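Numbered from 1 within each chain, the chains take letters A, B, ... in sequence-line order. Note that the structure is predicted; figures quoted are calculated from it, not measured.
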Number of protein chains: 2
Amino acid sequence: MATGNAEATKARILEAARDEFSAHGIAGARVDRIAKAAGCNKNLLYIYFQSKETLFATVLEQNLRRVYDELRFTPDDLPGYAARVFDFSMAEPGLMRLMAWAGLEQETGAVALRNAAQSAKVSAMEAAAREADGPGARFAPEFLLTAILALATAWSAASPFGPRLSPGLATDPATLRMQIADAVASITGAPRTGP
Amino acid sequence: MATGNAEATKARILEAARDEFSAHGIAGARVDRIAKAAGCNKNLLYIYFQSKETLFATVLEQNLRRVYDELRFTPDDLPGYAARVFDFSMAEPGLMRLMAWAGLEQETGAVALRNAAQSAKVSAMEAAAREADGPGARFAPEFLLTAILALATAWSAASPFGPRLSPGLATDPATLRMQIADAVASITGAPRTGP
DNA sequence: TGTCGCCATCTAACCGGTTAGTCAACGCTA
DNA sequence: TAGCGTTGACTAACCGGTTAGATGGCGACA
C-alpha cells in the first residue's frame with residue numbers, strides 16, 4: 001500500500017466517508033473513524049480534501065450525481081418513475097440518509113445541482129403535457145414532482161414515517177412498489193398498470 | 001433570578017433546547033449555547049435533566065405529545081386530516097426538523113409513542129371503513145397513513161424536496177394546502193372538495 | 001422581633017477526554 | 001536522487017460533564 005495508488009486511496013476514503021456521514025451526519029461523523037475505515041492516516045483526508053465539510057460536500061455531490069445518472073426521468077410515465085425512485089431508495093438506504101442529513105444541516109453546496117435537476121424535470125413534464133394535449137393536468141408540474149418524490153421515498157431509511165413504525169410487519173417491497181405506482185397514477189390521472 | 005422559579009427555569013431550558021436541537025440536531029447542538037440562550041448556568045441542565053441525550057428525549061417527547069394533542073385524526077375525512085397536518089408542518093418548522101433529526105439519529109425513545117399513535121390511527125381507519133362498507137378501499141390503512149403523512153409534510157422545512165428547491169417562487173400555502181387535500185382525496189377515493 | 005440554620009436554586013470555575021487539523025520525516029518508485 | 005504517497009506523533013481548542021460554593025427566602029426558636 002505504499003505508492004502509486006493515490007486514486008484508489010481517494011476512492012477508499014470517499015467510500016468510508018460515505019458510510020460514516022450516512023450513519024452520523026456531518027456533526028456526528030468522526031474523521032478518525034473515516035481514516036481508520038479507509039485504512040489510511042487521517043492526514044491524507046486533509047491532503048486530498050481540505051476539511052471535513054469539503055469531504056462531505058464531495059461525497060454528497062458524487063452520490064447525488066449518481067442518482068441523477070441512474071434514475072431516468074420519464075415525464076410520460078410518472079408511476080413508473082415513482083416505482084424506480086422507490087426501488088432506488090430501498091436499494092440505497094445510506095444514500096437516502098445522506099441526502100436527509102444534507103437537507104437538515106445547512107448544506108448549501110448541492111442545492112444548485114438539485115435545482116437544476118428539478119427544473120429540467122419540470123420542463124420535461126410541461127413539454128410532455130403540451131404534446132399529449134389531454135384535459136389539462138389537475139396539478140402543476142412542481143407540485144406533482146415533489147409529491148411523487150415524497151411518496152416514493154416515504155418508506156426509505158431516511159423517512160420518519162416509514163420503516164421505523166412496525167418494523168416487523170413491513171409490507172414486502174414488491175407490493176409496496178405497486179401501491180406507490182398506483183397511488184401516483186391516481187394523482188396524475190395516468191392509466192393504472194394494475195387491474 | 002435567585003430562587004423560587006425552578007419550574008420557569010426548566011421551561012426556559014426546554015424552549016432553548018428545542019431551538020438548539022431543531023437547528024443543529026443532537027450531535028451538533030452545544031450545551032453551552034442552550035444554557036446561554038436559557039439565561040442560566042450550564043450545570044442546571046444537568047441537575048434538571050441528566051444529560052444532553054435525556055434533554056433531547058424530553059424535548060422530543062414533550063413536542064411529540066403536543067402534535068398528537070393538537071392534530072385530531074379523522075379517519076372519515078383523510079383529505080381534511082392531510083390539510084391539517086400540512087398547516088401544522090408549516091406553522092411549526094422547528095418541530096418538523098426536530099422529528100427529522102430524531103429519525104436520523106438512532107433516537108429510540110419516542111418510537112413507542114409513535115407506534116401507539118400509528119396503530120390507533122390504523123384501527124380507526126379500519127373501523128371507519130367497516131362502517132361505511134363501500135367498494136373496499138384500494139389501499140391498506142398502513143399504506144394510506146404513511147402516504148398521507150409523507151404528502152402532507154413534503155413541503156415542510158424538514159423535507160429535502162420541498163422548500164429548498166426554488167425558494168422564491170414557492171407556491172402560496174393556501175393553494176398548496178388545497179392541492180394536497182385534493183391529491184389525498186384521489187388516492188383514498190374520497191369525494192373531492194373542489195370542483 | 002431578631003437571627004440562626006436549612007434547603008432549594010443557581011453559579012463560576014474547572015476537568016479530562018475527545019476532535020479537527022498540522023508537521024516533519026520516511027520509504028518506495030522512477 | 002527527486003518527489004509523490006504515506007505515516008506517527010503532536011497540539012490547540014472544544015465540549016460534555018462535575019465540583020465546590022454563593023445567594024436568598026423561610027420557618028423555628030428565644
For [X] and [N], what is the distance between atoms [atom1] and [atom2] respectively, to the nearest whole Å?
{"X": "B:Asn5", "N": "C:dT9", "atom1": "CG", "atom2": "C1'", "result": "9 Å"}
{"X": "A:Tyr48", "N": "C:dA20", "atom1": "OH", "atom2": "C1'", "result": "19 Å"}
{"X": "A:Leu45", "N": "C:dT19", "atom1": "CG", "atom2": "P", "result": "15 Å"}
{"X": "A:Asn43", "N": "C:dT22", "atom1": "CG", "atom2": "P", "result": "9 Å"}
{"X": "A:Tyr46", "N": "D:dC10", "atom1": "OH", "atom2": "P", "result": "19 Å"}
{"X": "B:Gln50", "N": "D:dG16", "atom1": "CD", "atom2": "C1'", "result": "15 Å"}
{"X": "A:Lys42", "N": "D:dC10", "atom1": "NZ", "atom2": "P", "result": "14 Å"}
{"X": "A:Ile26", "N": "C:dA20", "atom1": "CD1", "atom2": "C1'", "result": "14 Å"}

Report task. Give a yes or no on whether a donor-acceptor pair under 3.5 Å exists between the nucleobase atoms of D:dG17, that is its base, and the side chain of B:Lys52. Result ->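 For B:Lys52, whose side chain was compared with the base of D:dG17, there is no donor-acceptor pair (under 3.5 Å).
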
Query raised in the report: Has the side chain of B:Asn41 got a donor or acceptor atom sitting under 3.5 Å from an opposite partner on the base of C:dA12?
Result: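 Under the 3.5 Å cut-off, the side chain and the base do form a donor-acceptor pair.
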
Requested in this report: May I ask you to verify if any side-chain N or O of A:Thr9 is less than 4.0 angstrom from the OP1 or OP2 atom of D:dT6?
Outcome: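 For D:dT6, OP1 or OP2 has a side-chain N or O of A:Thr9 closer than 4.0 Å.
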
Query raised in the report: Counting just side-chain N and O atoms, does A:Arg30 come under 4.0 Å of either OP1 or OP2 of C:dT18?
Result: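 For C:dT18, OP1/OP2 do not have a side-chain N/O of A:Arg30 under 4.0 Å.
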
Query raised in the report: B:Ser159 side chain to B:Ser156 main-chain N or O, any donor-acceptor pair under 3.5 Å?
Result: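 Judged by distance alone, no pair lies under 3.5 Å.
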
Query raised in the report: B:Glu105 side chain to B:Ile26 main-chain N or O, any donor-acceptor pair under 3.5 Å?
Result: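 The answer is yes, because a donor-acceptor pair under 3.5 Å joins these two groups.
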
Query - Nucleotide nearest A:Ile47 when distance is taken to its side chain, options C:dA20, D:dC15, D:dT6 - result: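 For A:Ile47, the side-chain atoms sit closest to D:dT6.
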
**Report entry** Any side-chain donor near an acceptor of the partner, B:Thr175 and B:Asp172, under 3.5 Å
**Finding:**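 A pair is found: one side chain offers a donor N or O, the other an acceptor, under 3.5 Å apart.
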
Query - Sugar-phosphate only, base, or nothing, as touched by B:Ala29 at under 4.0 Å among non-hydrogen atoms - result: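 Contact class for B:Ala29: sugar-phosphate only.
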
Requested in this report: Answer yes when A:Lys121 and A:Glu142 have at least one side-chain N-carboxylate O distance shorter than 4.0 Å, and no when they do not.
Outcome: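 Looking at A:Glu142 together with A:Lys121, the answer is no, because their closest N to O distance does not fall below 4.0 Å.
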
Report task. Hey, can you tell me if A:Phe21 and A:Phe56 have their rings parallel, tilted or perpendicular (30° and 60° cut-offs)? Result ->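 Correct class here is perpendicular.
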
